[in-house]
There are 2 protein chains.
Amino acid sequence: MTDGTDESEMPAEPTQALRFGQARLARSTALVEDYVELIADLLASGGEARSTDVAKRLGVTHPTAIKSIARLKREGLATSKPYRGIFLTEAGHELAHKVRARHRLLVELLLAIGVPLEAAEADAEGMEHHASEATLAAAAGFLAARKHRPDE
Amino acid sequence: MTDGTDESEMPAEPTQALRFGQARLARSTALVEDYVELIADLLASGGEARSTDVAKRLGVTHPTAIKSIARLKREGLATSKPYRGIFLTEAGHELAHKVRARHRLLVELLLAIGVPLEAAEADAEGMEHHASEATLAAAAGFLAARKHRPDE
DNA sequence: ACTTAAATGTAGCCTTGGCTACATTTAACC
DNA sequence: GGTTAAATGTAGCCAAGGCTACATTTAAGT
């Protein structure tokens, strides 16, 4: 009630600008999150994350992957030694965990409202980076409520 | 059933790379969509869309807005004459319409699962660009079904 | 009408995240 | 062990999308 309802008393620009700014920020963190999530996956399954694997899975060339991984290292999320694989720091693992949980939640939500699996996975890949805590909490609540009456 | 379930027969990379590629493409079109949507809003309400207004609403400087608007012109979505406002082409109007409908649908969906209004608006601003036709159709269906039993 | 403020436009720089081309190192295979 | 293939790393280019600084044009105020 304090925002976005009264147009005569308050200009629309600031709140809208904030929203767009938020979306831009999310876009810039999306890449980092994708890389961390993928590296965590590779470490969990194969035991090691090599840059070519990362590049292949992301659909980019390996120099691009290396450059992005350099950013992860700058931000204290990953480490690596020349010609060795990539590893996640403690912070990297934490972020990966958070990102993965969020991804799963989004996919579950989409499936619950009737989106086919492949579309749900693909859309979640992009949408997950823009879901706020409020939305995640709501999604979790919605899914929990659904569990009790799975019909309809 | 034809994809993403059998890990022994098919490598995981291609489908995952496709998903990431899709998300990247969506990110690049997101900016265009935001601008077109906003310009359409300004034209509808104020009657004209000036570059400073666009910049203010988006929270960027005006040279940035102008550069982005140049991209819209390149892509045949908008037109403008020096020191005059910005206008949308037929294609621009069509895109604006599509984008706005999608935005509203997403917001409605978030509200329906219990997300507060301001968070729903902010999240939708980012998520809308990643929602496929399948997800939009599912959301519409879900909301229609909800209408018949608004309790719980 | 002239002056001044605001809006619009242009130029040039930075960072990010793509890419290709090339160098180097590791591993594999006679 | 030497040769070759693959993986890894580096260099340098490009486009997009931010920015500041400055030029120009329009509109307002007196």
Side-chain angles (χ1 to χ4, degrees), chain A residues 11 13 17-39 42 46-75 77-87 125-126 129, chain B residues 11 13 17-39 42 46-75 77-87 125-126 129:
Chain A
E13 299 98 40
L18 278 181
R19 292 205 280 252
F20 280 115
Q22 208 168 307
R24 269 197 303 274
L25 216 178
R27 262 172 241 158
S28 102
T29 59
L31 177 130
V32 167
E33 293 181 348
D34 284 345
Y35 272 81
V36 167
E37 183 180 8
L38 176 54
I39 291 169
L42 291 173
E48 69 172 346
R50 279 154 34 210
S51 58
T52 35
D53 296 341
V54 171
K56 233 178 280 178
R57 291 282 272 268
L58 251 42
V60 299
T61 58
H62 83 268
T64 294
I66 288 178
K67 203 189 281 193
S68 299
I69 290 166
R71 179 175 166 192
L72 300 194
K73 293 200 262 183
R74 265 206 314 278
E75 299 187 8
L77 297 169
T79 58
S80 81
K81 275 178 281 191
Y83 295 95
R84 245 72 245 185
I86 300 132
F87 299 94
E125 199 60 70
H129 306 289
Chain B
E13 298 97 41
L18 278 181
R19 291 206 281 252
F20 280 114
Q22 210 168 307
R24 269 197 304 274
L25 216 178
R27 261 171 245 160
S28 103
T29 59
L31 177 130
V32 167
E33 293 180 348
D34 284 345
Y35 271 81
V36 168
E37 184 180 7
L38 175 56
I39 291 169
L42 292 172
E48 69 173 345
R50 280 154 35 213
S51 57
T52 35
D53 296 341
V54 172
K56 233 178 281 180
R57 292 282 272 268
L58 252 41
V60 299
T61 59
H62 83 268
T64 295
I66 287 177
K67 201 190 283 192
S68 298
I69 290 166
R71 180 175 166 192
L72 300 193
K73 293 199 262 183
R74 266 206 313 279
E75 299 186 8
L77 297 169
T79 59
S80 81
K81 276 180 281 192
Y83 295 95
R84 245 71 246 186
I86 299 132
F87 299 95
E125 200 59 71
H129 307 288

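Every chain is numbered from 1, with letters handed out A, B, ... down the list of sequences.
B:Pro82 comes within 4.0 angstrom of sugar-phosphate atoms only, judged by non-hydrogen atoms across all strands, and of no base. Nucleic acid contact for B:Arg84: sugar-phosphate only, since backbone atoms but no base atoms lie under 4.0 Å from a heavy atom of the residue. Across all strands, B:Ser51 comes closer than 4.0 Å only to sugar-phosphate atoms, never to a base (heavy-atom distances).
In this structure, B:Ile69 places its CD1 atom 15 Å from C1' of D:dG18, rounding to the nearest Å. Here D:dT8 presents its C1' atom at 12 Å from CG of A:Asp53, a figure rounded to the nearest Å. Computed from coordinates, the A:Arg71 CZ to C:dG18 C1' distance equals 14 Å when rounded to whole Å. Distance B:Ile86 CD1 to C:dT8 P: 8 Å, rounded to the nearest Å. Distance NZ (B:Lys56) to P (C:dA6): 11 Å, rounded to an integer number of Å. The CG atom of B:Leu31 sits 11 Å away from the P atom of D:dA16 (whole-angstrom rounding). Atom OH in B:Tyr83 sits roughly 7 Å away from atom P in D:dT26 (whole-Å rounding). In this structure, B:Leu25 places its CG atom 13 Å from P of D:dA16, rounding to the nearest Å.
The minimum heavy-atom distance between A:Leu31 and A:Arg71, with the atom names listed, is CD2-NH1, 3.8 Å. Taking every heavy atom of both residues into account, A:Thr64 and A:Tyr35 meet most closely at O-OH, 3.9 Å.
Side-chain contact between B:His129 and B:Glu33 is present, with at least one heavy-atom pair separated by less than 4.5 Å.
Along DNA chain C, the nucleotide nearest A:Val60 and the nucleotide nearest B:Ile66 are compared for position; the residue whose nucleotide lies closer to the 5' end is B:Ile66. Mapping A:Arg74 and B:Arg50 onto DNA chain C by nearest heavy atom places B:Arg50 closer to the 5' end of the strand. Two residues, B:His62 and B:Ala65, neighbour DNA chain D, and the one matched to the more 5' nucleotide by heavy-atom proximity is B:Ala65.
In this structure, CD1 in A:Ile69 is found 12.0 Å from CG in A:Leu77, a value given to the nearest 0.5 Å. Atom CZ of A:Arg57 is separated from atom CD of A:Glu37 by 10.5 Å, given to the nearest 0.5 angstrom.
Of the side-chain N and O atoms in B:Thr61, one or more sit less than 4.0 angstrom from OP1 or OP2 of D:dC19.
Distances were taken from every side-chain heavy atom of A:Thr64 (C-beta onward) to each of C:dG18, C:dG12, C:dA21; the shortest belongs to C:dG18.
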